[in-house]
Amino acid sequence: MIFGRYPSRDKQDKAIAVSAKKFRSAVGSDTSNGLFGNMALYSRVSGSVGLITLQNPPVNALSAVVRQSLIDLMDRALSEPEVKSVVICGQNGKFCGGADIKEFRSDMTGPPLVPMIDRLELSSKPVVAAIEGVALGGGLELALGCHYRVAHSKTRLGLPEVTLGLLPGAGGTQRLPRLVGIPAALELITTGRHVTAAEALQLGLVDFVTDHNTIEAAVKLALSVAGKSLDSRRISTCKCPRPPYADALFEEAMQRVRRSARGAIAPVACVQAVHAAATLPFARGMEQEKQLMATLFTSGQARALQYQFFAQRAVSRWSTPSGARWDTSKPRPVHKVAVIGLGTMGRGITVALAQAGLSVVAVETHEKQLMEAKRVVSGMLERGAKRLGAPPALDKINYSCEIQAVADVDLVIEAVFEDMVVKKTVFRQLSAICKPGTFLFTNTSGLDIDELAAQTRNPELVVGMHFFAPAHVMKLLEVVYGRRSSSQAVATAMKIGKNMDKISVAVGNCSGFVGNRMLRPYLDQAFFLLEEGATPELVDQALEEFGFAMGVFRMSDLSGLDIGWKVRKAKEMVSKTHQDCRYSPLGDLLCERGRFGQKTGRGWYQYDKPGGRVAKPDPWLHSFLEKYRAQRGFVARRIDHQEVLERCLYALINEGFRILEDRIASGPEDIDVIYVLGYSWPRHRGGPMFYAQMVGLSRILEKLEYYHQLHLDIPSLQPCSLLRKLVANGRPPIHKWVEVIKNPHSHL
Ligand SMILES: C/C=C(\C)C(=O)SCCNC(=O)CCNC(=O)[C@H](O)C(C)(C)COP(=O)(O)OP(=O)(O)OC[C@H]1O[C@@H](n2cnc3c(N)ncnc32)[C@H](O)[C@@H]1OP(=O)(O)O
């Protein structure tokens, strides 16, 4: 079980591509002497070709048993005199998803990958990789050890190890640049980007691409190259092509990864490893790769990134406190969806739905706005289609000014203005117009789902969908179940999210849900720090050094200070007197002066013009802060980066524990996925709850207690009782937290 979730169903792919099995029977091959290695199959096809099929569902990962089987079966192929060449393929139309990432968390056993691939390359008989589906990480490195590579046209290839905090440590950093050149190798290895078969062919990464039976094509090639010299086919023996501008290339790559990686160490190590390929003989380059890998492999960043990899998959196995679960709740089929309100969010949602192949009725009440929305949506679809090389899904959308147009849809996503009164009116209308059983989903960033559901005849059909802007681009979707949402409605929302290529996280209903609820104490601390003597520059610098793409104030300037101001005014926070509980009016005061951020050219920073993007420290703001402090009795003191991080991040984490305790999120992975995908939490730090574990729960508790004692008027700094309980329970690892939450008397 991973991270305390339900284990996934065996996701054996019903392969589209013709499988090795089918091919074997099609060519009437010699399977009678087939031998089952533990997780690879050996057979002889076309008389003289040894066919090795990796068999480790769902992605044929190179686990210890697979590696051993591969070695045994290669030995067998080499020892059989009738066998003149070898083809390696993967079961179920997937070549190989790489090393088994689950093994990284335990003591590695079984034969290592590097000598296995070296041995393969040294084989006296030609080895052809028949690549279908995916060849990723160790899977591609295995293919690079083969002498020839044949790929199906639908295959994706890549070295995504950097996204797991690693480098392609099975020779990938040394063989890839020798094969495709330094510029392409640098780009692929430092980004982990997958390439299509067509691009792979262009790069020289594969020798041949087929639309037909890949194994048949590979066997044909294997037959044709049998007995031929392999000297030029062993990549490790090739010289790495070194362009004259190589030094500048490495310099530029290093600068790029340092800039974009924001403290992540793996991309830097990737550049260093490729540099070794360019400057050292293969064996010494491999030594360098090994050394760099050793540092990465045990790093906290690798643990964090691998945790995030599994967390993003675990969130699909959702559950609610009332007992609804992913594996017992069936989504209802949805063919036609309506989107109500075609502002920025509604347009993005319309695009995402149409791109997912759903029929969409897009509704906006005013003709002029409808036409404008149609123009923008069509443009977005056309640009997206161009990128993907597919036709735009323009005909999937019908535009209407009439809300009655939604009468026959299966599902509505309401995306009108974020205002409870407006939304309630729309929900009452929808409830009256829609056919019975229509799901009514609302796009909201924090409004009460139960209050909206109460406006309808069937509150069980109502679910919240918190999209993130731009809605057709951002991967995250918070699916918010209310008190009365049916499990079918939740399952349907999760399924629609998946269809739109989102990572959906099911969360409970509360003000701000998970993401925005945790943001509140974080923002509050940032304001309080300004009151106590910090500047926006200092706070932002601390957060950016931590790994956020933008500090809180630069982010606030970008999104517009007026948005939060409107919300605070609606909640009457601006006008209220705050007696027991500290409230900073700094944001409100800036808005009152027309400083809305980038759009007005002034906010927490100054910009050269309204709409300008380069933030510069603003002397006006510094003197404004001084006057503010003097008027309100704050004595400015020196604040360092450590305090900024502790106050902002620990307050946010504390709210995360409250969310877990309230069962709004069903596990820490939910929170961590939401923060990494929706709030730019640095991925190499895993997410706020994973970070809390890395820092140590006792330390977080101790620091919160300390700051709370200093600021008794800030309740969000008061340590949550779940945090205390976890510390009292001996600080269990993150995957055991759920046990403590579910069983308050648990003694782990
Ligand atoms: C040194 C390091 C070396 C040599 C490496 O090779 S590191 C691994 C490099 N490979 C990768 O990073 C590939 C990771 N996998 C994927 O990108 C995708 O899973 C996929 C493109 C291969 C397939 O995608 P999809 O069809 O959408 O399926 P899922 O992503 O949902 O995955 C299905 C389940 O398989 C588990 N999985 C996938 N890859 C691996 C792996 N390499 N090792 C172990 N397990 C893997 C994945 O976690 C899913 O299972 P659950 O988590 O849902 O239980």
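Residue indices begin at 1 and follow the sequence shown. Start at 1 and go down the list; that is how both ligands and their atoms are numbered. Just so you know, these numbers come straight off a predicted model, no measurement behind them.
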Enumerated ligand 1 atoms positioned under 4.0 Å from heavy atoms of Leu164: 7 (S), 8 (C), 12 (O)
Check: Lys94 N/O within less than 3.5 Å of ligand 1 N/O: no
Which of the ligand 1 atoms, numbered from 1, are nearer than 4.0 Å to a heavy atom of Phe310: 48 (O), 52 (O)
Mode of Gln306 contact toward ligand 1 - side chain, backbone, both, neither (heavy atoms, under 4.0 Å): neither
Shortest reach to atom 46 (C) of ligand 1 by a heavy atom, considering only Asn60, Asn56, Val59, Asp100: Val59
Note, Leu179 side chain near Leu144 side chain (heavy atom, < 4.5 Å): yes
Under 3.5 Å side-chain donor-acceptor pair for Gln488 and Ser329: no
Thr53 and Gln91 side chains, donor-acceptor separation under 3.5 Å: no
Where ligand 1 meets Gly138 - atom numbers and elements under 4.0 angstrom, heavy-atom basis: 4 (C), 5 (C), 6 (O)
Sub-4.0 Å atoms of ligand 1 with respect to non-hydrogen atoms of Arg156: 21 (C)
Electrostatic pair Arg119:Asp75 at N-O distance under 4.0 angstrom: yes
Backbone or side-chain N or O of Arg313 under 3.5 Å from ligand 1 N or O: yes
Subset of ligand 1 atoms that lie under 4.0 Å from at least one heavy atom of Glu141: 4 (C)
N/O separation below 3.5 Å, Ile101 to ligand 1: yes
Cation-pi geometry met for Arg313 and Phe309 (6.0 Å, 45°): yes
Within reach of ligand 1, part of Ala99 (heavy-atom separation under 4.0 Å): both
Pairwise distance OG(Ser487) to NZ(Lys330) - rounded to 0.5 angstrom: 12.5 Å
Student check: side-chain heavy atoms of Arg256 and Pro267 closer than 4.5 Å: no
Pairs touching residues 145-165 that satisfy salt bridge (charged side-chain N to carboxylate O under 4.0 Å, His left out), sequence neighbours left out: none
Proximity to ligand 1 by part of Phe104, non-hydrogen separation under 4.0 Å: side chain
Thr163 contact mode with ligand 1 (heavy-atom cut-off under 4.0 Å): neither
Spacing of CD belonging to Gln68 relative to CE belonging to Met39, to within rounding of 0.5 Å: 13.5 Å
Proximal ligand 1 atoms for Gly137, defined as those under 4.0 Å from one of its heavy atoms: 6 (O), 9 (C)
Which of the ligand 1 atoms, numbered from 1, are nearer than 4.0 Å to a heavy atom of Gly98: 6 (O)
Candidate pair His275 and Leu280, rule side chain to side chain contact (heavy atoms under 4.5 Å, CB included), full reasoning: CA-CA 8 Å; His275 186 260; Leu280 299 173; over 6 Å; no
Residue-ligand contact Met293/ligand 1, heavy atom below 4.0 Å: yes
Close-contact set for ligand 1 against Glu161 heavy atoms, below 4.0 Å: 2 (C), 3 (C), 4 (C), 5 (C), 6 (O), 7 (S)
Cation over ring face, Arg105 and Tyr307, 6.0 Å, 45°: no
Sub-4.0 Å heavy-atom approach of Phe297 to ligand 1: no
